[in-house]
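Down below is the structure, laid out as structure tokens.
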Amino acid sequence: MDSCTAGCYAVIFTSVRDAAEGDGYAEAADHMVELARQQPGFLGVESARGADGFGITVSYWESEEAIRAWKQHAEHAATREQGRARWYTTCTTRVARVERAYGWQRP
């Protein structure tokens with residue numbers, strides 16, 4: 001679970017996969033999450049993918065500066081280009097500021 005509260009930023013990445021299992025995608029995605037966790041300003045991530053290939057990953061950050069630094073990280077940039085070339089038919093990134101955050105958990 002993430003630790004995003006009001007005032008943090010959400011990077012919303014949606015995509016449609018166009019590749020077979022075992023093509024290195026899962027390993028690369030896991031590695032990107034581990035690498036993101038090491039970045040200053042990273043707060044958390046949530047991700048899901050449907051059977052139709054549509055996926056959404058939301059990463060949470062303390063600031064826009066932290067988001068820019070992650071976007072410019074050399075290994076992240078190389079993996080992003082690999083994704084466009086090999087794994088996705090389409091992808092979109094949106095950056096939003098979180099105005100409110102609340103939740104519920106079953107006791």
Side-chain angles (χ1 to χ4, degrees):
M1 198 60 163
D2 67 84
S3 59
C4 178
T5 59
C8 77
Y9 291 83
V11 176
I12 306 156
F13 177 75
T14 57
S15 63
V16 176
R17 284 280 318 273
D18 185 35
E21 292 300 318
D23 62 1
Y25 174 83
E27 295 81 5
D30 289 346
H31 181 64
M32 285 300 100
V33 169
E34 290 309 310
L35 189 59
R37 289 187 199 287
Q38 299 170 23
Q39 304 311 303
F42 178 80
L43 299 173
V45 64
E46 298 168 319
S47 188
R49 185 163 303 278
D52 62 354
F54 178 79
I56 183 167
T57 297
V58 183
S59 60
Y60 301 98
W61 301 85
E62 288 178 353
S63 66
E64 289 188 89
E65 293 78 19
I67 294 167
R68 277 191 287 277
W70 173 237
K71 183 178 181 182
Q72 295 170 357
H73 187 285
E75 193 171 351
H76 177 228
T79 301
R80 186 172 56 242
E81 290 307 313
Q82 187 177 25
R84 291 174 179 163
R86 293 181 56 194
W87 298 315
Y88 302 126
T89 58
T90 184
C91 58
T92 303
T93 302
R94 298 168 180 91
V95 178
R97 184 176 170 118
V98 175
E99 297 295 329
R100 283 178 298 287
Y102 50 88
W104 178 87
Q105 185 174 350
R106 185 178 302 252

Next item on the list: Taking all heavy atoms of Cys4 and all of Leu43, pick out the closest pair and write down the distance.
Entry: CA-CD1, 4.3 Å

Checklist line | With sequence neighbours excluded, residues passing ring pair (Phe, Tyr, Trp, His ring centres under 6.0 Å) with Tyr9 | finding: none

Checklist line | Tyr60 side, atom OH; Thr5 side, atom OG1 - distance, nearest 0.5 Å | finding: 11.5 Å

Check: If you look at every heavy atom in Pro40 and Ala66, which pair is closest and at what distance?
Finding: O-CB, 3.5 Å

Margin query: Let me confirm one number: the CZ-SG distance from Phe13 to Cys91, rounded to the nearest 0.5 Å.
Written below: 4.5 Å

Next item on the list: Any pair with a residue in residues 54-69 that passes salt bridge (Lys or Arg N to Asp or Glu O under 4.0 Å), sequence neighbours left out, goes on the list, sorted by first then second residue, please.
Entry: Glu65-Arg68

Checklist line | Donor-acceptor under 3.5 Å (Glu34 side chain, Asp30 main chain) | finding: no

Next item on the list: Of all the heavy-atom pairs spanning Cys8 and Trp61, show the shortest one and how long it is.
Entry: CB-O, 3.4 Å

Check: Is Arg86 reaching over with its side chain to a backbone N or O of Asp23, donor-acceptor style, under 3.5 angstrom?
Finding: yes

Check: Tell me, which pairs form a side-chain hydrogen bond (donor to acceptor under 3.5 Å, both in side chains) where one or both residues lie in residues 74-83, sequence neighbours left out?
Finding: His31-Glu75, Trp70-His76, His76-Arg80, Glu81-Arg84

Check: Cluster question for you: counting only ILVMFWY and a side-chain heavy-atom cut-off of under 4.5 Å, with indirect links fine, are Val95 and Met32 together?
Finding: yes

Notebook entry, point to check: Where is the tightest heavy-atom contact between Tyr88 and Arg49, given as atom of each residue plus distance?
Noted result: CE2-NH2, 4.1 Å

Note to self: Tell me whether Val45 shares a hydrophobic cluster with Val98, the cluster being built from Ile, Leu, Val, Met, Phe, Trp, Tyr side chains joined at under 4.5 Å.
What the structure shows: no

